[in-house]
Amino acid sequence: PFLLSSPTPPPPPHSSSLPRSPSPRPRLPLPPPRRAALVTAAQDPRWRRAMASLAVSASASASGEEVTHLAQREAAEIDEQLMGPLGFSVDQLMELAGLSVAAAVAEVYKLGEHTRVLVICGPGNNGGDGLVAARHLHHFGYKPSVCYPKRTPKPLYSGLCTQLESLTIPFVPVEDLPANLSEEFDIIIDAMFGFSFHGTPRPPFDDLINRLVSLSAIDNSAKRPAIVSVDIPSGWHVEEGDINGGGFKPDMLVSLTAPKLCAKKFTGPHHFLGGRFVPPPIVSKYKLHLPPYPGTSMCVRIGKAPSVDISSLRENYISPELLENQVMPDPFDQFVRWFDEAVTAGLREPNAMALTTADKEGKPSSRMVLLKGVDKQGFVWYTNYGSQKAHDLSENPNAALLFYWNEMNRQVRVEGSVQKVPEEESEKYFHSRPRGSQLGAIVSKQSTIIPGREVLQQAYKELEQKYSDGSVIPKPDYWGGYRLTPKLFEFWQGQQSRLHDRLQYSLREVDRSTVWHIERLSP
């Protein structure tokens, strides 16, 4: 055990009412969120981007506006205009296309389960997209190999090959490919032929396509590599799709610029659009209806979202070990260390926490709130004193907090007693908020039933007009802060095979003083 002597904390209130703290305590303000320049692949928020992408797809479906599909002639014309009057170069478009493919792959196929990638590249621009995708996948943490049977001697393609060789990405000749691709690779990216291809595939691409046909015929996708096609499944007709029914059926299709007509025949679970570079003149001229890209993502899911087996959703966490001799002896210091790391990693709202309260009958309720201050006296947040949580706390002044930092495989639980912060502390914080937030706090009688959103909007407009002269907005009596004084902390770090680290800090009486005692809990 690790013990730290500290002053005995004030005893929790024994009455049902919540007394105010006798005097304001100095409080450490939370640092403003900062965006890290780089986020590692393990911290890449793929899940949030996927949910945003699904939301965009659902929105597009709800609007009844079908995504535009291009004929071969239209696709060729758009490329000519992009690389002509609109000022793009082929290497710029190839870079954006390859990045889109890599982003789509990373969004669906998680590193822990799909690490080994074979990228099969053809001799044209589609093959160049595959070379760029291989480079980005390497930097994302995957282990790509490249099969590039007919290397194009142009400087652009030679340069891409040099870039991959400098990263020690292996180039595998066709004759050296394993007989059973399922044993060596988790993902196969088909970047052989794009929308400009005509005729029948010639050797060695005909054999490579036949091998993909054999793989896609295996019904159990868990026993074969996932097949990802770039823009067009190789061997398909750009407009009519798999004409004779003998082609392979990819699991993912990443359409570029806009889906081609053959994409209407795609039946796999994952259809993405990539190539976030289409300018308004192109959209207007070809009357394109394309879904908006979520956030900063280079790809967006289109078409029907795949069904999900909830019971199969799981992560095999990879994290540094959390050891007793590495943590701070004081849990407040350990929390600040982890919080600072969450801020530095650029996590969105690292101060978001689940607050759980219970009424006098023990009926619990939870909601997300924002931490607004932390020091050795406790954790502070602000709310409406007429809300459900405030009602619970007036009957039962005990609560629990939960911070969950998904991208870092971390969570922190805090339990303790709660009391209101001094009025002057609430007053000071209220006037530090944006004026719009101050008005919103007055307008909202939190947790009460209202007939519609227009009631809030009308009340807000009236207050906005009332204080339009810039005069001080008075803090309402029914709004203020709470402070949770901790009695227990638990720091959780996700680990492989569910062998998570859990270190618990609890208060103990030792030699007439209160100390923090550290114990390891079984996961």
| query | So, is the end of the Arg211 side chain (NZ or CZ) under 6.0 Å from the ring centre of Phe248 and within 45° of the ring's axis? | reply | no
| Does Arg410 make a cation-pi contact with Trp338 (under 6.0 Å, within 45 degrees of the axis)? | yes
[Y] and [X] side chains, donor-acceptor separation under 3.5 Å:
X      : Y      : answer
Ser255 : Asp231 : no
Tyr317 : Gln493 : no
Glu74  : His69  : no
Asn125 : Tyr157 : yes
Arg301 : His271 : no

| query | Does Arg202 CZ have over 12 foreign heavy atoms under 6.0 Å away? | reply | no
| Atom CD of Glu175 with >12 non-hydrogen neighbours under 6.0 angstrom | yes
| said: salt bridge (charged side-chain N to carboxylate O under 4.0 Å, His left out) for Asp251 and Arg224? Distances and angles first, verdict last. | reply: CA-CA 11 Å; Asp251 304 281; Arg224 62 169 176 80; 2.9 Å; yes
| query | Would you say Leu208 and Leu177 make side-chain contact, with heavy atoms under 4.5 Å? | reply | yes
| Evaluation steps, salt bridge (charged side-chain N to carboxylate O under 4.0 Å, His left out), between Arg73 and Glu80 | CA-CA 11 Å; Arg73 177 184 55 79; Glu80 289 175 5; over 6 Å; no
| field | Backbone N/O of Lys143 and side chain of Thr115: donor-acceptor pair under 3.5 Å | value | no
| request: Assign the ring pair Trp405 / Phe403 to parallel, tilted or perpendicular, where the plane angle (0 to 90°) is split at 30° and 60°. | output: tilted
